[in-house]
Amino acid sequence: MLEVSKKSNLLEQAIYTYSLQDVAEPNLYRDVFNYEEVPKVVFNHRRVPMNMPEDIWITDTSFRDGQQSMAPYTTDQIVKLYEMLSRLGGPYGVIKQSEFFVYTEKDREAIERCRDLGLRFPEITCWIRASREDFKLVKKLGIQETGILVSCSDYHIFKKMGMTRRQAVDFYLATIRDAFAAGVIPRCHLEDVTRADFYGFVVPFVNEIQKVSEEAGVAIKIRACDTMGYGVPYPGAALPRSVAGIIYGLQHYSGVPSECLEWHGHNDFYKGVANAACAWLYGASAVNCSLLGIGERTGNVPLEAMVMEYASLRGSLDGMDPTVITEIGDFFRREIGYDIPPMTPFVGEHFNVTRAGIHADGLMKDEEIYNIFDTGKILGRVPGVTVSKTSGAAGIAYWINEHYRLQGEDRVDKHSPVVTAMKTWVDRVYEEGRNTSLSNKELEAQYEKALAAGAEGEEKRA
């Protein structure tokens with residue numbers, strides 16, 4: 001049967017309605033996920049159209065998923081980070097929501113103190129176990145929306161829950177109705193969607209969620225969770241690993257609107273950011289992230305990375321303040337004691353620091369040659385150099401100018417006598433066996449010596 005699509009205005013085949021396949025044995029996709037081998041990426045060369053939503057945004061899970069892999073934040077730390085998230089997201093709320101735990105007194109105190117800040121964004125939501133008592137707790141706290149776990153791969157349904165697919169669907173739907181009965185809006189987290197039978201379980205299940213949503217007259221958000229990081233952003237990749245295929249299928253066959261569709265990824269195979277961007281490109285309005293990517297195992301999608309992806313895809317920060325990213329990185333180091341790997345993009349101490357002399361020479365001529373963008377303006381961090389055996393005279397000169405903030409005629413170049421004197425000392429130190437970078441304190445001492453020696457030489461010549 002053919003019909004004109006309201007979305008594309010083209011003559012298309014009528015949308016096929018998928019029915020739940022209540023299989024007797026679990027489909028574990030062993031040809032793809034052979035546990036004794038690296039998971040395979042399979043292609044069927046089916047491509048779906050890009051469908052970037054009119055509005056896209058970021059949601060935060062730092063105080064939920066982020067706390068599951070590190071020492072819990074103190075209440076004061078949560079409040080400060082929440083305030084910084086609000087400033088980072090800007091007045092239009094590009095960082096739209098942040099989810100919290102609600103089980104302990106400390107969790108609930110943090111929620112109340114964050115509320116007391118009076119900030120519009122990010123909206124406080126939560127995540128709970130799927131039980132009536134937990135729904136009552138959420139309602140009592142005055143939180144409108146909560147995430148609930150609806151695991152959807154046969155690994156979880158058969159192996160963890162000990163149910164059939166039909167039993168799992170019935171249990172999940174009853175839980176959703178319990179949430180509505182308690183006056184709470186559920187957000188359904190499709191756990192392990194990248195190992196699930198997409199058209200045999202996921203789509204039929206989401207279709208039934210949509211019916212409950214229509215009955216209640218309330219939109220239910222669907223969070224597609226790449227729990228193990230198996231998703232891939234490649235065009236033509238086959239399900240269940242295709243991010244584009246998952247987003248397209250949830251929209252095309254289950255009618256989930258973009259504003260109700262969210263991607264939650266993990267970084268086990270280094271694809272967290274690419275997969276999240278792919279979800280945006282193919283129709284999801286929201287991507288769920290955590291600060292610094294801190295989360296289960298290899299972590300979640302780094303929130304600061306998606307701030308930059310947003311700006312890249314939209315051509316604007318839309319009111320976001322990326323200098324807060326630097327504040328957040330400093331806060332994690334100083335106040336939380338979290339060890340950020342120094343080369344981590346945007347927040348690592350050395351993300352825009354070079355050790356190569358040829359790069360330092362380029363920075364001295366024009367920092368745009370070797371800096372990704374104006375990091376001084378965008379992140380409040382000018383590019384720097386670390387002086388070592390490969391820095392050369394250019395690296396030393398750049399360090400002097402930036403460290404002492406020399407301007408105009410006071411700036412030195414790689415031929416300056418003070419630079420020559422310091423380079424002689426640096427070369428000697430490494431010839432004697434040193435194999436680590438030089439500290440600012442060591443360089444400051446040598447700079448003072450070189451200046452003094454230069455001044456003494458001028459006096460003698462006079």
Are any side-chain N or O atoms of [X] and backbone N or O atoms of [Y], one a donor and one an acceptor, separated by less than 3.5 Å?
X      : Y      : value
Arg165 : Gln21  : yes
Ser151 : Glu191 : no
Ser62  : Ser290 : no
Glu304 : Leu291 : no
Ser86  : Phe121 : yes
Ser254 : Val256 : no
Arg177 : Tyr172 : no
Asp154 : Asn27  : yes
Glu208 : Phe205 : no
Ser69  : Arg297 : no

[Y] side chain reached by [X] side chain, heavy atoms, under 4.5 Å:
X      : Y      : result
Val41  : Tyr234 : yes
Glu123 : Thr125 : yes
Glu145 : Val184 : no
Tyr338 : Met70  : yes
Glu262 : Ser285 : no
Asn51  : Tyr248 : no
Trp127 : Ile148 : no
Gln77  : Ile336 : yes

Spacing of [X] atom [atom1] and [Y] atom [atom2] [to the nearest 0.5 Å]:
X      : Y      : atom1 : atom2 : answer
Cys188 : Leu149 : SG    : CG    : 10.0 Å
Ile78  : Glu109 : CD1   : CD    : 9.5 Å
Ser258 : Ile247 : OG    : CD1   : 9.0 Å

For the residue pair [X] and [Y], confirm or rule out a side-chain donor-acceptor distance under 3.5 Å.
X      : Y      : answer
Gln97  : Lys221 : yes
Ser439 : Glu442 : yes
Asn267 : Thr298 : no
Asp65  : Gln68  : yes
Asn435 : Tyr430 : no
Asp226 : Thr194 : yes
Thr104 : Asp107 : yes
Thr74  : Asp76  : no

Can you check side-chain contact (heavy atoms from CB on, under 4.5 Å) on Ile157 and Phe201, steps first, answer last? CA-CA 11 Å; Ile157 294 169; Phe201 179 82; 3.7 Å; yes
Heavy atoms from other residues, nucleotides or ligands near [atom1] of [X] exceed 12 (cutoff 6.0 Å):
X      : atom1 : result
Arg46  : CZ    : no
Arg30  : CZ    : yes
Phe43  : CZ    : yes
Lys106 : NZ    : yes
Glu335 : CD    : yes
Lys160 : NZ    : yes

Is [Y] paired with [X] through a side-chain N to carboxylate O contact shorter than 4.0 Å?
X      : Y      : answer
Glu368 : Lys377 : no
Glu214 : Lys211 : no
Arg113 : Asp116 : no

Run the numbers on Ser312 and Glu309 for side chain to side chain donor-acceptor pair (under 3.5 Å), then give the verdict. CA-CA 5 Å; Ser312 297; Glu309 284 295 300; 5.0 Å; no
Of the non-hydrogen atoms in [X] and [Y], which two are nearest, and what is the gap between them?
X      : Y      : value
Met306 : Ala276 : CE-CB, 3.7 Å
Pro322 : Leu379 : O-CD2, 3.3 Å
Asp192 : Thr227 : N-OG1, 2.8 Å
Ile246 : Ala224 : CG2-CB, 4.3 Å
Val232 : Ala237 : CG2-CB, 3.7 Å
Gly229 : Asp268 : N-OD1, 3.8 Å

Is it the case that the ring center of [Y] lies less than 6.0 angstrom away from the ring center of [X]?
X      : Y      : answer
Phe33  : Tyr230 : yes
Tyr18  : Tyr253 : yes
Phe101 : Phe63  : no

Going through the checks in order, is the side-chain contact (heavy atoms from CB on, under 4.5 Å) test met by Trp280 and Ile58? CA-CA 10 Å; Trp280 266 342; Ile58 295 166; 4.0 Å; yes
Yes or no on side-chain contact (heavy atoms from CB on, under 4.5 Å) for Val79 and Leu117, after CA distance, side-chain angles and deciding distance? CA-CA 9 Å; Val79 173; Leu117 296 175; 4.0 Å; yes
Residue set satisfying ring pair (Phe, Tyr, Trp, His ring centres under 6.0 Å) with Tyr35, at least two apart, ordered chain then number -> none
Using the rule given for side chain to side chain donor-acceptor pair (under 3.5 Å), can you reason through Arg47 versus His45, listing the C-alpha separation, both sets of side-chain angles and the distance that settles it, and then say yes or no? CA-CA 6 Å; Arg47 300 194 177 198; His45 306 290; over 6 Å; no
Residues Leu190, Cys225; criterion side-chain contact (heavy atoms from CB on, under 4.5 Å); working and verdict: CA-CA 5 Å; Leu190 302 179; Cys225 301; 5.5 Å; no
Contacts of Glu327 that satisfy side-chain hydrogen bond (donor to acceptor under 3.5 Å, both in side chains) - sequence neighbours left out: Arg87
